[in-house]
Structures are given as structure tokens and as C-alpha cells.
> 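Questions regarding the structure given below will be posed in turn.
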Amino acid sequence: MSDDVIDGRISEVLKQIAELPDAFAITADQDLKTDLNIDSLKLIDVVVQVEAVLDVELGDEFSRDLVTVGDLQRHVSERVGG
């Protein structure tokens, strides 16, 4: 699965959970908490949804290290590609 497909699916999940309009542009440098209003509870939803959409096991511990959208994208790409 290409990084573009992974990033697109992650963006869709983030928009849905953060209740953002479809036209909102998700970028790798956006802060999950301050830019997208993803708190710790919403982050759990993000992880569960991304696991389901991409059929990947992310694990519980990794979410503590997530700050930006790019952090999430890199971690998921490593798991899907690895």
C-alpha cells in the first residue's frame, strides 16, 4: 500500500473524528491537539479507526509519542510496510 493511500485514509479518519469539512486540508505538520482538536479520547478513536481502515495493529503504547499528523503517518507507514 502506498504512502499516499495511507495518508489519504488517515486524513479521512482525522476529518471524521475531528468533525472537519471535507475541504479541510490535513498536512503532516499539523499538531493533533492544537490544530485538529484531537484530545486523548479522540486519539483512541483515531487509532481504532485507522487500525480498522488499514487492517493494521498499531498497539496501545505508540499513541503517547504522537504530536503531529506526520508522526501518525510515519508510524502507520512503518507498520503497514513492515
Side-chain angles (χ1 to χ4, degrees):
M1 186 176 310
S2 75
D3 285 344
D4 288 340
V5 170
I6 292 168
D7 294 350
R9 291 186 181 167
I10 290 171
S11 292
E12 290 172 13
V13 168
L14 289 170
K15 286 178 188 180
Q16 176 188 11
I17 291 173
E19 299 177 2
L20 299 168
D22 288 338
F24 187 88
I26 300 285
T27 61
D29 64 334
Q30 288 170 324
D31 187 284
L32 292 166
K33 185 181 276 185
T34 59
D35 295 328
L36 302 180
N37 199 31
I38 301 288
D39 61 20
S40 58
L41 292 176
K42 286 183 180 178
L43 187 56
I44 293 168
D45 288 341
V46 168
V47 170
V48 169
Q49 293 259 355
V50 167
E51 286 178 330
V53 168
L54 294 172
D55 192 30
V56 63
E57 180 75 29
L58 299 176
D60 299 328
E61 71 285 345
F62 99 95
S63 62
R64 291 180 223 132
D65 298 329
L66 297 179
V67 175
T68 67
V69 172
D71 294 338
L72 177 60
Q73 292 168 332
R74 277 187 296 281
H75 185 75
V76 171
S77 291
E78 289 170 3
R79 293 292 176 116
V80 171

> For residues 7-23, which side-chain N or O atoms pair as donor and acceptor with protein atoms under 3.5 Å away, sequence neighbours left out?
residue: Ser11; atom: OG; partner: Asp7; partner atom: O; Å: 3.0
residue: Lys15; atom: NZ; partner: Asp22; partner atom: O; Å: 2.8
residue: Lys15; atom: NZ; partner: Phe24; partner atom: O; Å: 2.9

> Under the side-chain hydrogen bond (donor to acceptor under 3.5 Å, both in side chains) test, which residues partner Asp31, sequence neighbours left out?
Thr34
> Once side-chain hydrogen bond (donor to acceptor under 3.5 Å, both in side chains) is applied, do any residues pair with Asp55, and if so which ones, sequence neighbours excluded?
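Partners of Asp55 under the side-chain hydrogen bond (donor to acceptor under 3.5 Å, both in side chains) test: none.
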> In the structure I gave you, are the side-chain heavy atoms of Leu32 and Val69 within less than 4.5 Å of one another anywhere?
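Yes, side chains in contact.
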> Taking side chain as C-beta onward, heavy atoms only, is Asp71 less than 4.5 Å from Asp65?
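No, their side chains stay 4.5 Å or more apart.
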> Will you find, in the side chains of Thr27 and Asp29, an N or O donor that is under 3.5 Å from an N or O acceptor?
yes
> On a heavy-atom basis, which atom in Leu36 and which in Gln30 lie closest, and how many Å separate them?
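Answer, listing the atom of Leu36 first, then Gln30: CD2-OE1, 4.0 Å.
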> For Arg74 and Thr68, work out which heavy atoms get closest and say how close.
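Nearest heavy atoms, Arg74 then Thr68: NH2-OG1, 4.3 Å.
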> Group every Ile, Leu, Val, Met, Phe, Trp and Tyr by side-chain heavy-atom contacts under 4.5 Å, then state whether Val67 and Leu58 land in the same group.
no
> When rounded to the nearest 0.5 angstrom, what is the spacing between CD1 in Ile6 and CE in Met1?
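Atom-to-atom, Ile6:CD1 and Met1:CE are 6.0 Å apart.
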> Just distance, no hydrogens or angles: give the donor-acceptor pairs under 3.5 Å from side chains in residues 39-47, sequence neighbours left out.
residue: Asp39; atom: OD1; partner: Leu41; partner atom: N; Å: 3.2
residue: Asp39; atom: OD1; partner: Lys42; partner atom: N; Å: 2.8

> Could I get the full list of side-chain hydrogen bond (donor to acceptor under 3.5 Å, both in side chains) partners for Asp3, not counting sequence neighbours?
Ser77
> Can you hop from Val53 to Ile26 via hydrophobic side chains spaced under 4.5 Å?
yes
